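Keep in mind that this is a model prediction, so the values were computed, not measured. Counting starts at 1 for both ligands and their atoms, following the listed order. FYI, side chains are in, hydrogens and waters are out, and symmetry mates aren't considered; it's all heavy atoms of this structure.
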Amino acid sequence: MPRDTPGGTWPVVTPEDEQAVLRVLRSGRLNAASPGETEVPALERAWAEATGTRHCVAVASGTAALHLALRGCGIGPGDEVIVPALTMNATAHAVYATGATPVFADVEPGTYTLDPEAVAAVAGPRTAALLPVHLHGLPADMPGLRRVADRLGVPLVEDAAQAHGALLDGRRAGALGRAGCFSLHPHKNLPSCGEGGLITTDDDGLYEQLVRLRNFGERAPESTGTRTYISHQAALNARMAPVAAAFTRSQLARFDEDARRREPGIRELVGRLDRLPGLRGPRIPAGRTHAWHILRLMPEPDELDLKPEHRTGLRAALHRMLRAEGVPVSQYQVAPLPAHPAFRPAGLSDSAALDQVAERFPVTTAVVDGSLCLQRRHLDPAAGPLLRHYADAFEKTWRHLDLVRRMAVARPAPGWREMLRKG
Ligand SMILES: Cc1ncc(COP(=O)(O)O)c(C=O)c1O
């Protein structure tokens, strides 16, 4: 890659962001419970408005957002919550933290989001909520999932950690279920300068619950701003720091503009990659928009004259060749979630458990073994020239497909099962 190719920094930190942080440091109101603190409520109002929801509650992280949203919906011990097999581990940890059990369902090919048919197949009498993830920034099939949720009589809670600003039928992620949960991890499309999370909801009762659950079960201070320190239910401290809230609100002021500026470069890259034979880019069904948090690229062995058993070798060959050209492709999720030791089916040997996961989650298995991702650098609105370089490098690699094939066959790479068997 030419050394002077501009772009590729995320998050971009401007003098305005620095001033926002300084403003808090100089105010002395360093914690969300400080009397007179205004940064956290201002971010909450701005994000409720941005998502078109009645309420927003800021919390300490995206994981805390998921945990509290589930608790607020009454999820607890004895319940089951259906989550996708392909997602970040926080989705399942949040379910465990309520005392409930995550039940995994496979994702759809191409969109990588929860498959409503797979959900219907694993739902049972203990199913108490569905927790779809808008993975990589694409809203899940919420109409299909809503039909299943309504039949079961359970709420839909969105894991929108990666999907700030994405739309489904004109409505923003976060406004598509009973509650929407966002992460403000610094690598996310809407970053904080540390940790943070946001929960959106139209439900007044849930909102009241969430305000209590993030602060030791205490009610919100009355207009006097004075805390009573009386706990009305058991809960931990999940408050967001004002410094982080001020930084995020400063980022939010240019969020739509940043999204508009990055769109043409990403569309050009995705369009050029889509024209390469045997390579699948993100599939965006009608009525949905993509926040482009992660770009997943899926090479198809059979379209490249390779056998299915060469899937991992093909991924490894492309990884080597593209990295040599300066394209930082990586794996996002190195194993299906139900195969992680923390989440494996009980009562089976490790080896049998891994085989069972591969059999039950064929789409996730193929995606984890075969695909490569681009993360973070493309979020810089000035990354256009860098993304053009990425597209050039992919096209160059595709001009050498004979070499790619030879490498894929000669150097079989371990898949997730082999990797986990080794420990
Ligand atoms: C899909 C998904 N869910 C949940 C989380 C957890 O968010 P956080 O890291 O802010 O706790 C993340 C982010 O890391 C995520 O990508």
Parallel, tilted or perpendicular, as decided by the 30° and 60° cut-offs, for the rings of Phe255 and His164: perpendicular
Check: His340 side chain, Ala342 main-chain N or O, donor-acceptor pair, under 3.5 Å: no
Side chain Asp79, main chain Val81, donor-acceptor under 3.5 Å: no
Ring-face cation of Arg296 near Tyr112 (centre distance under 6.0 Å, axis angle within 45°): yes
Shortest non-hydrogen separation from Pro116 to Asp141 and the atoms involved: CG-OD2, 3.4 Å
Expected rows: ligand 1 N/O, protein N/O, dist below 3.5 Å:
{"residue": "ligand 1", "atom": "3 (N)", "partner": "Asp159", "partner atom": "OD1", "Å": "3.3"}
{"residue": "ligand 1", "atom": "3 (N)", "partner": "Asp159", "partner atom": "OD2", "Å": "2.8"}
{"residue": "ligand 1", "atom": "7 (O)", "partner": "Ser183", "partner atom": "OG", "Å": "3.4"}
{"residue": "ligand 1", "atom": "10 (O)", "partner": "Gly62", "partner atom": "N", "Å": "2.8"}
{"residue": "ligand 1", "atom": "10 (O)", "partner": "Ser183", "partner atom": "OG", "Å": "2.7"}
{"residue": "ligand 1", "atom": "11 (O)", "partner": "Gly62", "partner atom": "N", "Å": "3.3"}
{"residue": "ligand 1", "atom": "11 (O)", "partner": "Thr63", "partner atom": "N", "Å": "2.9"}
{"residue": "ligand 1", "atom": "11 (O)", "partner": "Thr63", "partner atom": "OG1", "Å": "2.5"}
{"residue": "ligand 1", "atom": "14 (O)", "partner": "Lys188", "partner atom": "NZ", "Å": "3.1"}
{"residue": "ligand 1", "atom": "16 (O)", "partner": "Gln162", "partner atom": "NE2", "Å": "2.9"}
{"residue": "ligand 1", "atom": "16 (O)", "partner": "Lys188", "partner atom": "NZ", "Å": "3.4"}

Under 3.5 Å, which donor-acceptor pairs link side chains of residues 326-338 to any protein atom two or more places apart or in another chain?
{"residue": "Ser330", "atom": "OG", "partner": "Gln375", "partner atom": "NE2", "Å": "3.0"}
{"residue": "Gln331", "atom": "NE2", "partner": "Val368", "partner atom": "O", "Å": "3.2"}
{"residue": "Tyr332", "atom": "OH", "partner": "Gln162", "partner atom": "NE2", "Å": "2.8"}

